[in-house]
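Worth saying up front: this structure is predicted, and the values here are computed from it rather than measured.
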Amino acid sequence: MNFLALRCLLLLSVPAFVFAQNHELKGVIIDQKTGETLTGVVLVLNGTSFHAVTDLDGKFSIKAPAGSYSLIIKYTGYHQITLPVKVPGQPLSVKMVSAKTQLKEVVVKANAANQDFTQNKGLQAGVIQLSAQQIKALPSLAGEQDVIKAIQLMPGVKKGTDGGSTMLVRGGNNDQNLFLLDEAVIYNPAHALSLFSVFNTDALQEVKLIKGPFGAPYHGRLSSVMELKTKQGNAQKQRIEGTLSSLSARITADGPLVKGKLTYMISARRSYLDQTLKLANLHIPYHFTDVNSKLCWNINEQNKLTMSVYAGDDVLSPDKWTAAKSNELLTSAQTHFTNRALSLQWIASRKSLMQTISLVHSAYAYSIGGSFSGNTVDASSGIQDWGLKARWHKTVNTRLGWQWGISANRHYFQQTELTTRGELITPGTSLIPAQTNYEAAAYTELFIRLNSKWELNPGITLSSAATGNTVYRNPEPRLMVCYTPNEHTTLKGGYSRMVQYMHMIAYSSFALPTDIWYPANNFLKPSTSDQLSLGWFRTHKNWNLSVETYYKRMQHVCEFAEGKGIQFKIPLPKEISQGKGTSWGGEWMVQTHQKKWSAWMAYTLAWSTRQFDSVNNGKVYYARYDRRHDVSTSVSYKLKKNWNVCAVWIFATGARFTPQTGSYYVLKPGGGGLQQVPVYGGTNSAKFKSSHRLDINFTYQKNKKSEWQIGAYNTYNRAQPYKVSVHTNADGRYTYRQSGLLGFTPYISYHFTF
């Protein structure tokens, strides 16, 4: 198998086609207001199949026969541009206008704000792209605009609990999502017990989610890759913006340090729920903080250096804990979660060759503890990474492009420790020693335009991982095919294999998120997935329609062996079961943009199953978040000159759980009476009720420098069930009571810029 994969790698690395020489049109796309370069802008020579996408430095290159064309430029959250061009021609510097900015002068031909979430052009299906402006326009929880909650509204993405930041993509688990903030991995993307994400929207420029099939540069997770890019900094002038919401305060400053050469951006956020709750005589000393910073140095036209730093903390201070005044059981609690990320990038371009080299560092750790009725529990764990990535992209000619790269990562898994003391729980200390894991990968892929309608993107990634004396090596083939019969319709299909060399297990000893990352070793094999996907995309005037279907098969996914998840004990690798998973379904999305209003609707029909030898007697069962139907709709309307309203309605089939079907009594150990032993039905054989909710947001923009948002989460107070309790009736039958988490939650926020 490895020899065959090596042969495929060598074949893909050799250009197999020689085409006639064409002429080049190149340039750069920037934001008109800030001067920042824009990545991922789609450019198309109208009436042809010649197109390009801007790189990390906002640059593009299109090779086409000599002649006059209309160049169409599209980017999420910006006005579309149609520009007359000649090939060959002078390099272009095109300034795009944000959708929030009113166009006063018709220098270019512009349509309504381009708010497409899925793109018609390009080879890859299963891609969702959002701008910071689109995220901020949606209703939020407590005034906190949240990128993950916005992504949860998209087809193929499900949420866990109501209001949470858990993201379940195409039947995968939460740990199967790779979050990249300026190329650095974020291991814990949530604050406040998963109610809010760690990503500050004021610091973000764009967000892209890839659901699959995946290109060769992506590896390490089975279900999705979310790429988040922070702002580079205003290249024209100094700027300060901030937001005051019901929950937190955010402040962002950016601008040029050296005009035309060096820019900066720094953004900070702190929650103040601990302070506002004092008004209700509640004393919960919890808060979270985030700090994002970035430096961009444009050395010259060919070279650019960037440095991005992120630090986030969740803190529950034990010395200030006074909740025991109203709670006899809980007498103290302490929590400290930390997220750190560093990214250094060198971007260089030499004619038709683009090079990106990145040095990245990530760290995640937690220490939590609590006392109740004289019993104490303390737990700690963490993971640290150092990695190096190098990527090259070469445009050979108008019909052939070639990309290749390498990456290497060192993962240090800190010692995981759990200590218990008291009378109600078994005293003791369990731990997993610290260990180191190494990952490496090399990949190559081709971009082949066969003719004006057909494009191919074959590629392969060779990945490996080593923990101690255990070494795994895997080929990960990829193939994407795109057929464009006309400028309005595109068909995309693809296949990709992904391998994941680490697993996250959340043991349920107590309610805090005690996640442990395990490397693949001699007990735990790496997880794999094979995904097939097919999509149809259609644009017509102000309407966009996308239909996608997928089938995914997973091997060696992880789960607790039955009974292991309820003990005050760290699960050892040999106590974790590995099995199979299968998911399949269809995704539909329709969008329209009219003069005063815009709307979209997303629908997902999906199935997801699991099979473990040690669970459910080895029989196939539905995954916990196998929800058959998910619907989300959004309508935005411009009420008056300064007023806009946006409403989002969501419907979801209930998540699954294992029901208690009966009980019996046995003698207590050593005598002294009887104890009740519950009897359970099939694993995840019951499900919560379906849920739906309405969120609404009013925006008042007095001028370009200030904006008010007033709205409500779950407007008609219909909470999604998140837990079930069993009650025995007088006749001996069982009644299930389902509890919701978040009811009607109004909010207000104020955003300012100067």
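Rounded to the nearest 0.5 Å, atoms CD (Glu445) and OG1 (Thr461) are 7.5 Å apart. The OG atom of Ser224 sits 13.0 Å away from atom NZ of Lys208, with the distance rounded to the nearest 0.5 Å. Taking OG1 of Thr490 as the reference point, atom CH2 of Trp536 lies at 10.5 Å (rounded to 0.5 Å). For the atom pair Asn303 CG and Gln355 CD, the distance stands at 8.5 Å (nearest 0.5 Å). Separating the CD atom in Glu36 from the OG1 atom in Thr263 is a distance of 7.0 Å, to the nearest 0.5 Å. In this structure, the separation between CG on Leu545 and CH2 on Trp600 is 14.5 Å, given to the nearest 0.5 Å.
His393 is linked by a ring-ring contact (aromatic ring centres under 6.0 Å, His included) to Phe447, counting only residues two or more places apart in sequence or in another chain. Scored by the ring-ring contact (aromatic ring centres under 6.0 Å, His included) test, Trp346 finds no partners at all (sequence neighbours excluded). Partners of Tyr438 under the ring-ring contact (aromatic ring centres under 6.0 Å, His included) rule, at least two apart in sequence or in another chain, do not exist in this structure.
One finds a salt bridge joining Lys294 and Asp182 here, because a Lys/Arg side-chain nitrogen approaches an Asp/Glu carboxylate oxygen to under 4.0 Å. In summary, Lys229 and Glu183 do not engage in a salt bridge, as defined by a charged side-chain N under 4.0 Å from a carboxylate O. Taking the charged nitrogens against the carboxylate oxygens, Glu439 and Arg410 have no contact shorter than 4.0 Å, which rules out a salt bridge.
In this structure the side chain of Ile347 reaches within 4.5 angstrom of the side chain of Met354, judged on heavy atoms.
In this structure, Ala390 and Tyr443 approach most closely via the heavy-atom pair O-OH, 4.4 Å. Nearest heavy atom pair, residue Pro526 against residue Tyr501, reads CB-CD2, 3.6 Å. For the pair Thr604 and Gly156, the tightest heavy-atom approach, listed with the atom from each and the gap, is OG1-N, 2.9 Å. Annotation for Leu25 and Lys86: closest pair CD1-O, 4.0 Å, computed over non-hydrogen atoms.
Without hydrogens or angle criteria, Arg221 side chain to Val499 main chain gives no donor-acceptor distance under 3.5 Å. Asn544 places no side-chain N or O within 3.5 Å of a backbone atom of Thr592 that could act as its donor or acceptor partner. In this structure a side-chain-to-backbone donor-acceptor pair under 3.5 Å is missing from Glu227 to Phe179. A donor-acceptor pair under 3.5 Å links the side-chain atoms of Ser632 to the main chain of Leu153, judged by distance alone. With hydrogens and angles ignored, the 3.5 Å screen pairs no side-chain donor or acceptor of Asn173 with any backbone N or O of Gln176. Between the side chain of Asp254 and the main chain of Asn234, a donor-acceptor pair closer than 3.5 Å is present. At least one donor-acceptor pair closer than 3.5 Å links the side chain of Asn486 to the backbone N or O of His488.
No more than 12 heavy-atom neighbours from other residues, nucleotides or ligands sit within 6.0 angstrom of NZ on Lys26. Counting non-hydrogen atoms of other residues, nucleotides and ligands closer than 6.0 Å to NZ of Lys95 gives a total of 12 or fewer. Heavy atoms from other residues, nucleotides or ligands lying under 6.0 Å from CH2 of Trp297 number 12 at most.
Asp385 and His411 share a side-chain donor-acceptor pair at under 3.5 Å. In this structure, a donor-acceptor pair under 3.5 Å is absent between the side chains of Glu476 and His219. Side chains of Ser533 and Gln531: no donor on one and acceptor on the other come within 3.5 Å. Between Asp31 and Tyr78, the side chains place a donor N or O and an acceptor N or O closer than 3.5 Å (distance only, hydrogens not considered).
Geometrically, Lys492 engages Phe537 in a cation-pi contact defined by less than 6.0 Å to the ring centre and at most 45° from the axis.
Taking the six-membered ring for Trp and thresholds of 30 and 60 degrees, Tyr551 and Trp584 have ring planes inclined between 30 and 60 degrees apart.
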